[in-house]
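Structure record follows, encoded as structure tokens.
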Amino acid sequence: MRAVVILPSYNEAENVLSLSADILAQDPALEVVVVDDNSPDGTGDLVADAMVRENRLHLVRRPGKLGLGSAYQAGFQFALTNDFDLIFTMDCDYSHHPRYLPQFLQSIASGNDLVVGSRYVPGGGITNWPIHRRLLSRFANFYTRLLLRVPVHDCTAGYRCYTREVLQTVDPATIRSSGYAFLEDMVMRVHRAGFQIAEVPIVFEDRTRGASKINHSEIYLAAWHVLRTAFSTIPVDKRVGAKSETTQTP
């Protein structure tokens with residue numbers, strides 16, 4: 001099966017090439033597409049130059065900083081257009097380490113449709129975060145899990161693998177939210193569509209190079225989006241014959 005890892009990037013020149021190389025080293029079936037928002041530090045140009053030497057590396061250039069949700073959508077479109085079977089999303093700063101990718105592939109091979117790299121199942125965790133950020137993340141996930149009735153412990157995790165069928169069914173191009181809200185919306189849609197969801201434990205490692213792009217206002221916007229979504233009806237096509245459950249893969 002062909003698999004591609006989507007790396008949304010903005011000013012990630014310090015990380016993008018080494019991370020891409022580490023991803024490609026995990027499995028010969030893996031490829032990488034960098035979705036770059038016209039990074040002033042030349043991230044896109046570095047990738048374009050490296051593509052001459054590495055045919056499993058791809059680039060989608062965008063005119064400016066358009067948001068994380070739309071970067072995922074651009075990556076999904078690239079993956080579907082180019083006939084990839086498995087579509088991963090990862091952060092471009094090493095907070096999501098490539099060493100976990102084989103576990104994702106094993107979980108998909110066992111029959112799961114969405115695999116989430118989870119900080120909040122046994123074996124998962126976080127390093128280098130202050131206590132207030134840990135508490136806020138815990139509460140955000142509890143809040144989302146409760147209101148949206150999704151059986152996922154880490155609803156805001158961006159380290160994921162979707163099957164092609166999942167993306168074709170839930171149609172992420174129709175999601176208008178971004179950031180954490182986009183991730184929460186995707187989990188809800190996949191669950192409601194009846195797909196099998198699994199969580200594999202990962203240790204989230206806060207970046208050591210480059211600057212964080214987190215806008216804390218996104219957290220509060222995501223909380224509002226979850227509340228609004230909990231009391232609205234979003235039509236989602238059902239996967240025929242599917243049962244939606246969540247499992248934990250050790």
Query raised in the report: Rounded to the nearest 0.5 Å, what separation is found between the CG atom of Asn11 and the OG1 atom of Thr43?
Result: 5.5 Å
Query raised in the report: Would you say the side-chain atoms of Asn141 pair up with the backbone N or O of Ser137, donor to acceptor, closer than 3.5 Å?
Result: yes
Report summary line: Sorted by chain and number, sequence neighbours left out, side-chain hydrogen bond (donor to acceptor under 3.5 Å, both in side chains) with Thr81 holds for Gln77
Query raised in the report: So how far is it from Asp36 CG to Glu12 CD, rounded to the nearest 0.5 Å?
Result: 9.5 Å
Query raised in the report: Are the aromatic rings of His153 and Tyr120 close, with centres under 6.0 Å apart?
Result: no
Report summary line: Here the pair of heavy atoms bringing Met90 nearest to Leu101 is SD-CD2, 4.2 Å
Query raised in the report: Between Asp171 and Arg189, does at least one N-O distance fall below 4.0 Å, as a salt bridge requires?
Result: no
Requested in this report: Any chance you could measure Leu19, atom CG, to His96, atom NE2, to the nearest 0.5 Å?
Outcome: 10.5 Å
Query raised in the report: Which pairs pass salt bridge (Lys or Arg N to Asp or Glu O under 4.0 Å) with one or both residues in residues 100-110, sequence neighbours excluded?
Result: none
Requested in this report: Considering only NZ, NE, NH1 and NH2 on the basic side and carboxylate oxygens on the acidic side, decide whether Arg61 and Asp37 come within less than 4.0 Å.
Outcome: no
Requested in this report: Starting at CD1 of Ile6, measure out to CD of Glu31 and round the result to the nearest 0.5 Å.
Outcome: 12.5 Å
**Report entry** With Arg160 via salt bridge (charged side-chain N to carboxylate O under 4.0 Å, His left out) - residues at least two apart
**Finding:** none
Query raised in the report: Got a second to check how far Arg62's CZ is from Asn38's CG, nearest 0.5 Å?
Result: 11.0 Å
Query raised in the report: Can you list the residues that meet the ring pair (Phe, Tyr, Trp, His ring centres under 6.0 Å) rule with Phe142, with sequence neighbours excluded?
Result: none
Query raised in the report: Ion pair present between Asp154 and Arg119, side-chain N to carboxylate O less than 4.0 angstrom?
Result: yes
Report summary line: For residues 16-75, the ring-ring contact (aromatic ring centres under 6.0 Å, His included) pairs (sequence neighbours left out) are His58-Phe78, Tyr72-Phe182
Report summary line: In this structure, CG of Leu7 is separated from OG of Ser20 (nearest 0.5 Å) by 5.0 Å
Query raised in the report: Can you name the residues that form a side chain to side chain contact (heavy atoms under 4.5 Å, CB included) with Arg99, not counting sequence neighbours?
Result: His97, Glu205
Query raised in the report: Looking at Phe88 versus Tyr159, is the centre-to-centre ring distance below 6.0 Å?
Result: no
